[in-house]
Amino acid sequence: MIMRTHIINFITKHPHQPSMGVRSKVTSSQYVASRARDPVFEKLMDKYKHLVKVIAIQDLILANPKNECVSLDFLSRLSQRLHLNRGAPAFLRKYPHIFHIFYNPTKSQPFCRLTDAAFEISCLEAEVINASLPLVVDRLLRLLSMCQSKMLPLRAIFKVWRELGLPDDFEDSVIARNSHLFQLCDAHEPSTHILKLADVSPSCRYVAAAENWRVGECCKQDCSVDRMELRYSFKHGYPPGMKLSKNFRAKVKQWQRLPYVGPYEEMGEERAKAGMMTLEKRAVAIVHEFLSLTVEKMVEVEKISHFRKWFGIDLNIRDLFLDHPGIFYLSTKGKSHTVFLREAYERGCLIERNPVYNARRMLLDLVALGRRGLFTDE
């Protein structure tokens, strides 16, 4: 890979200095720890790590549409799985703008439901998702088109259904209702289904997000970059205070000029034998496009790892993000690592917002509000 730290001594002496040599004698955890932090993304993840838990409880409450509440006893039994370190009641009381605890005299135990504000936000999100079903269909088609086999295991899609903005009944509302586009079939493994394109003929060529950016840059009147240099480039930006050596900048420039196979292009046998740097650049193109397809331009690293084999990526996904800090930002806040598409964000907010993102930000705002704004506050 390209952008790896040299050796453990270099990391110790220069923890925020990137290098494009081959990483050696550096453990994965040391490599993660050596990355340059971006305070804007880290501040955003401080909120998101709590939002993930809130959404998990919200889903449990809304799972039964006839009785949209859940007992505290049930949530307490799931505390460890939900990572509620201080227990369910303590967590629920931290967010009174989202959860309402009440006592059910019939069942003689406390229950929890969503507040009116939180329930309205969940309804709004469902509405805007259903209103954007053509976009949802397009995302699924693009996702399958990036696979050499034009198919994916359904369980992998279930891992990222929320990130892709799919409705919770997408098997019926998206797949079944578009049988001319999608085909669901049994896999060789028991209880496993495969989603594949019903028609694999190249009827249309999708344009990747990176290609659209290049076209936009070329059309700018004040564009100072050589057009030929932009041909294979990705937009780069770095964390504040991250020192870039002259050697590093030169190697990034060299990498930018390197040709590669795009995310929607066929590899072919000859292309598959290309050098490691070319294969790595294709992997960057694929995960860049994957993140571009998500509603919030972010995803947990563990989730995207389920697509590695199907996308033909024979590289460590997390290291790929770390190797390209100008394109991606990896955060370790919370119980899992999360990767952001750096170019999609400005000052902690998505630049090109969409209705689903807007609805989810409303819930994030309630999370950030905590207990503030209540008459019981001292």
Side-chain angles (χ1 to χ4, degrees), residues 1-5 16-21 23 31-32 34-42 44-45 142 146 163 207-217 225 229-245 248-264 276-294 296-301 303-305 307-308 311 313 315-332 337-352:
M1 292 194 178
I2 295 180
M3 303 183 190
R4 298 203 171 178
T5 29
H16 303 303
Q17 174 66 43
S19 172
M20 300 183 68
R23 177 166 58 98
Y31 192 29
V32 171
S34 72
R35 77 194 190 287
R37 308 294 202 279
D38 190 317
V40 175
F41 283 111
E42 292 300 303
L44 178 60
M45 274 307 300
R142 286 173 175 265
M146 284 196 289
E163 285 81 355
V207 178
E211 293 178 48
N212 286 327
W213 171 77
R214 292 175 200 134
V215 172
E217 287 295 302
V225 183
E229 190 172 314
L230 269 174
R231 187 178 179 185
Y232 304 114
S233 295
F234 289 87
K235 187 175 182 179
H236 276 64
Y238 296 94
M242 184 174 179
K243 297 180 181 179
L244 306 177
S245 67
F248 177 81
R249 291 179 185 274
K251 291 191 175 181
V252 169
K253 189 173 183 179
Q254 179 185 7
W255 183 87
Q256 290 276 60
R257 293 176 176 176
L258 188 69
Y260 70 101
V261 182
Y264 297 112
M276 178 58 71
M277 290 179 69
T278 301
L279 294 177
E280 180 190 331
K281 193 162 186 179
R282 172 177 165 80
V284 168
I286 289 175
V287 293
H288 181 284
E289 185 67 5
F290 185 98
L291 285 167
S292 298
L293 293 176
T294 62
E296 299 174 87
K297 317 306 178 195
M298 57 178 283
V299 70
E300 290 180 16
V301 175
K303 292 182 178 181
I304 197 173
S305 294
F307 295 85
R308 272 184 59 206
F311 286 156
I313 299 176
L315 300 167
N316 184 295
I317 289 288
R318 186 175 60 176
D319 284 358
L320 194 70
F321 297 139
L322 292 170
D323 290 344
H324 297 273
I327 304 174
F328 311 109
Y329 182 72
L330 182 72
S331 174
T332 59
H337 294 178
T338 303
V339 63
F340 293 84
L341 185 60
R342 181 179 288 281
E343 69 194 57
Y345 279 81
E346 185 176 22
R347 297 181 180 178
C349 294
L350 210 59
I351 297 173
E352 297 182 7

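The model shown is predicted, which means the values in this text are computed figures rather than measured ones.
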Go through it in stages, so that I can follow the logic: the residues are L44 and Y345, the test is side-chain contact (heavy atoms from CB on, under 4.5 Å), and I'd like the CA-CA distance, side-chain angles, deciding distance and then a yes or no. CA-CA 11 Å; L44 178 60; Y345 279 81; 3.9 Å; yes

What class does the angle between the rings of [X] and [Y] fall in, given that below 30° is parallel, 30 to 60° is tilted and above 60° is perpendicular?
X    : Y    : result
Y238 : H236 : tilted
F340 : Y329 : tilted
F234 : Y260 : tilted

Which atoms form the tightest heavy-atom contact between A283 and L315, and what is the distance?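 So the minimum-distance heavy-atom pair works out to CB-CD1, 4.0 Å.
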
Hey, could you give me the [atom1]/[atom2] distance between [X] and [Y], rounded to the nearest 0.5 Å?
X    : Y    : atom1 : atom2 : result
F311 : S305 : CZ    : OG    : 11.5 Å
I304 : L291 : CD1   : CG    : 5.0 Å
E280 : T278 : CD    : OG1   : 9.5 Å
K281 : R257 : NZ    : CZ    : 10.5 Å
R318 : F328 : CZ    : CZ    : 15.5 Å
L330 : T332 : CG    : OG1   : 7.0 Å

Are any side-chain N or O atoms of [X] and backbone N or O atoms of [Y], one a donor and one an acceptor, separated by less than 3.5 Å?
X    : Y    : answer
R37  : P239 : no
K235 : R342 : no
R308 : I317 : no
R35  : L322 : no

Contact check, side chains of [X] and [Y], non-hydrogen atoms, under 4.5 Å:
X    : Y    : answer
F290 : P263 : no
F321 : N316 : no
I286 : Y264 : no
I313 : F307 : no
F248 : V252 : yes

side-chain contact (heavy atoms from CB on, under 4.5 Å) assessment of V299 paired with T338: CA-CA 6 Å; V299 70; T338 303; over 6 Å; no

Taking atom types as modelled and ignoring hydrogens, do the side chains of H288 and E343 form a donor-acceptor contact shorter than 3.5 angstrom?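 Judged by distance alone, the side chains do pair up.
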
Set out, in order, the CA-CA distance, both residues' side-chain angles and the distance that settles side-chain contact (heavy atoms from CB on, under 4.5 Å) for E163 and E296, then state yes or no. CA-CA 7 Å; E163 285 81 355; E296 299 174 87; over 6 Å; no

If the test is salt bridge (charged side-chain N to carboxylate O under 4.0 Å, His left out), which one of K297, R282, R142 qualifies with E289?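 The single option meeting the salt bridge (charged side-chain N to carboxylate O under 4.0 Å, His left out) with E289 is R142.
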
Mind running side-chain contact (heavy atoms from CB on, under 4.5 Å) on S331 and H337 for me, showing each step along the way? CA-CA 6 Å; S331 174; H337 294 178; over 6 Å; no

